[in-house]
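Worksheet: the structure to be examined is printed underneath.
What you are looking at is a predicted structure, and each value in this text was computed from that prediction instead of being measured. First listed ligand is number 1; within each ligand, the first listed atom is number 1. The analysis underlying the following values was restricted to heavy atoms, covering all of them including side chains, and did not include hydrogens, waters or symmetry mates.
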Amino acid sequence: MRRKLIVGNWKMQGALAQNQELLNSFFTERGLLSVDLAVLVPAPYLAQAQGQLQGTGWFWGAQDVSDEVRGAFTGEVAASMLLDFGSKFTTVGHSERRQRHGESDQVVARKAQRALDVGITPIVCLGESLSERERGETRSVVRRQLAAIIDLLGASAMAQTVLAYEPVWAIGTGRSATAEQAQEVHAWLRGQMGEHDDEVAGKLRILYGGSVKPSNAVELMALPDVDGALVGGASLVASEFLAIAHAAARVN
Ligand code: 13P
């Protein structure tokens, strides 16, 4: 049985005072012990997240990591630095980074490796654009993105990762994938993993991301191959994020 994981991705949003209020409202909540919960904050707020969430059972982490270990890489943040502030997770390969920063599948794979090297769980984001879906390329796109990770990390190390299927057309648009669309791609991804290692495929958590909200969370979280959610906009509103977490806890 895969334990559900609900992750809030704040993206480039937040401010000290506002974060304090949001973080406080998370851990005072009871009744969510059957799911794993995490928030991914902008790097400057990692210390704040650590200060407020340590010892609460909630996890925190980052949204990106350098593919280098250390050195003259202005503006980049190393995995070891994320670990210094207790990060449990980091996303890699979010579509906003693939698009805006031209991150290739190979760079994303190296980032996942750097996170794993220090014991941080990479949440590897995959997903097709609207035009790729319309051309019927969804499977080939996510297969290519997944293959780059497996090639570098090796199949058995995939057990230490989390995947997040985030169709680009569903991110921030209010238009979530339907339950059928999400289940179909999640099952396909698990099948692809299974071709390398059946046991790892059975254990691998695959999150869904893209316009997850309280109104669609119950249906999405109940799908057999959906093991949680990567939540953007709704993770900035405590009541919405907690409602999504409760939806996952109910079906867990
Ligand atoms: P939204 O939930 O705002 O659509 O964002 C999804 C996302 O990109 C999470 O990483």
Side-chain angles (χ1 to χ4, degrees), residues 4-14 18-19 22 26 35-43 45-46 49 58-65 82 87-101 103 108 111-112 115 120-130 132-133 138 141-142 145-146 149 161-179 181-182 185-186 189 205-221 223 226-248:
K4 292 266 194 291
L5 168 62
I6 304 298
V7 182
N9 173 9
W10 288 3
K11 308 193 179 183
M12 198 177 72
Q13 289 163 123
Q18 177 189 326
N19 300 349
L22 191 54
F26 289 164
V35 291
D36 289 334
L37 299 159
V39 282
L40 306 182
V41 302
Y45 298 132
L46 280 171
W58 282 67
F59 298 110
W60 60 94
Q63 303 166 11
D64 184 39
V65 63
L82 304 182
S87 300
K88 166 86 174 163
F89 297 102
T90 182
T91 38
V92 295
H94 193 284
S95 61
E96 286 153 14
R97 296 204 58 85
R98 290 183 191 258
Q99 284 175 346
R100 286 182 55 89
H101 302 277
E103 290 185 8
V108 172
K111 290 184 170 202
I120 293 175
T121 303
I123 301 175
V124 181
C125 302
L126 319 162
E128 82 287 5
S129 67
L130 184 59
E132 287 165 337
R133 174 163 282 265
T138 300
V141 169
V142 297
Q145 293 170 334
L146 178 62
I149 306 287
T161 71
V162 171
L163 298 185
Y165 171 55
E166 296 206 306
V168 178
W169 47 270
I171 294 177
T173 59
R175 176 186 165 200
S176 161
T178 64
Q181 288 169 326
V185 178
H186 281 233
L189 283 167
R205 290 195 284 191
I206 308 178
L207 313 183
Y208 168 77
S211 297
V212 177
K213 39 195 177 228
S215 59
N216 59 22
V218 175
E219 190 183 18
L220 288 164
M221 293 305 108
L223 297 167
V226 173
D227 307 311
L230 184 54
V231 184
S235 73
L236 297 164
V237 182
S239 59
E240 293 195 16
F241 191 50
L242 290 168
I244 293 166
H246 278 290

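Heavy-atom neighbours of Glu219 CD from other residues, nucleotides or ligands within 6.0 Å: at or below the threshold of 12.
The closest side-chain donor-acceptor pair between His94 and Gln63, if any, does not fall under 3.5 angstrom.
Between Gly209 and ligand 1 there is no heavy-atom distance shorter than 4.0 Å.
Heavy atoms of Ala170 found under 4.0 angstrom from ligand 1 belong exclusively to the backbone. Contacts with ligand 1 closer than 4.0 Å are made by side-chain heavy atoms of Asn9 only, the backbone lying farther away.
The protein atom (non-hydrogen) at minimum distance from atom 7 (C) of ligand 1 is Glu166 OE2, 3.1 Å. The closest protein non-hydrogen atom to atom 2 (O) of ligand 1 is Gly232 N, 2.9 Å. Nearest protein heavy-atom contact of atom 5 (O) of ligand 1 is Lys11 NZ, 3.3 Å. Looking from atom 3 (O) of ligand 1 to the surrounding protein, the closest heavy atom is Gly233 N, 2.8 Å.
Close approach to Gly172 involves these atoms of ligand 1, each under 4.0 Å from a residue heavy atom: 1 (P), 3 (O), 4 (O). Of all the atoms in ligand 1, the ones that sit under 4.0 Å from a non-hydrogen atom of Gly210 are 4 (O), 6 (C). The contact set between ligand 1 and Leu230, taken as ligand atoms under 4.0 Å from a residue heavy atom, comprises 9 (C), 10 (O).
No donor-acceptor distance shorter than 3.5 angstrom exists from the side chain of His101 to the backbone of Glu103, with no hydrogens or angles considered. In this structure a side-chain-to-backbone donor-acceptor pair under 3.5 Å is present from Ser87 to Leu82.
Of all heavy-atom pairs between Ala170 and Ser176, the closest is CB-CA, 4.2 Å. Across Trp60 and Leu46, no two heavy atoms sit closer than the pair CD1-CD2, 4.1 Å. Scanning both residues, Pro42 and Lys11, for their nearest heavy atoms gives CG-O, 3.3 Å.
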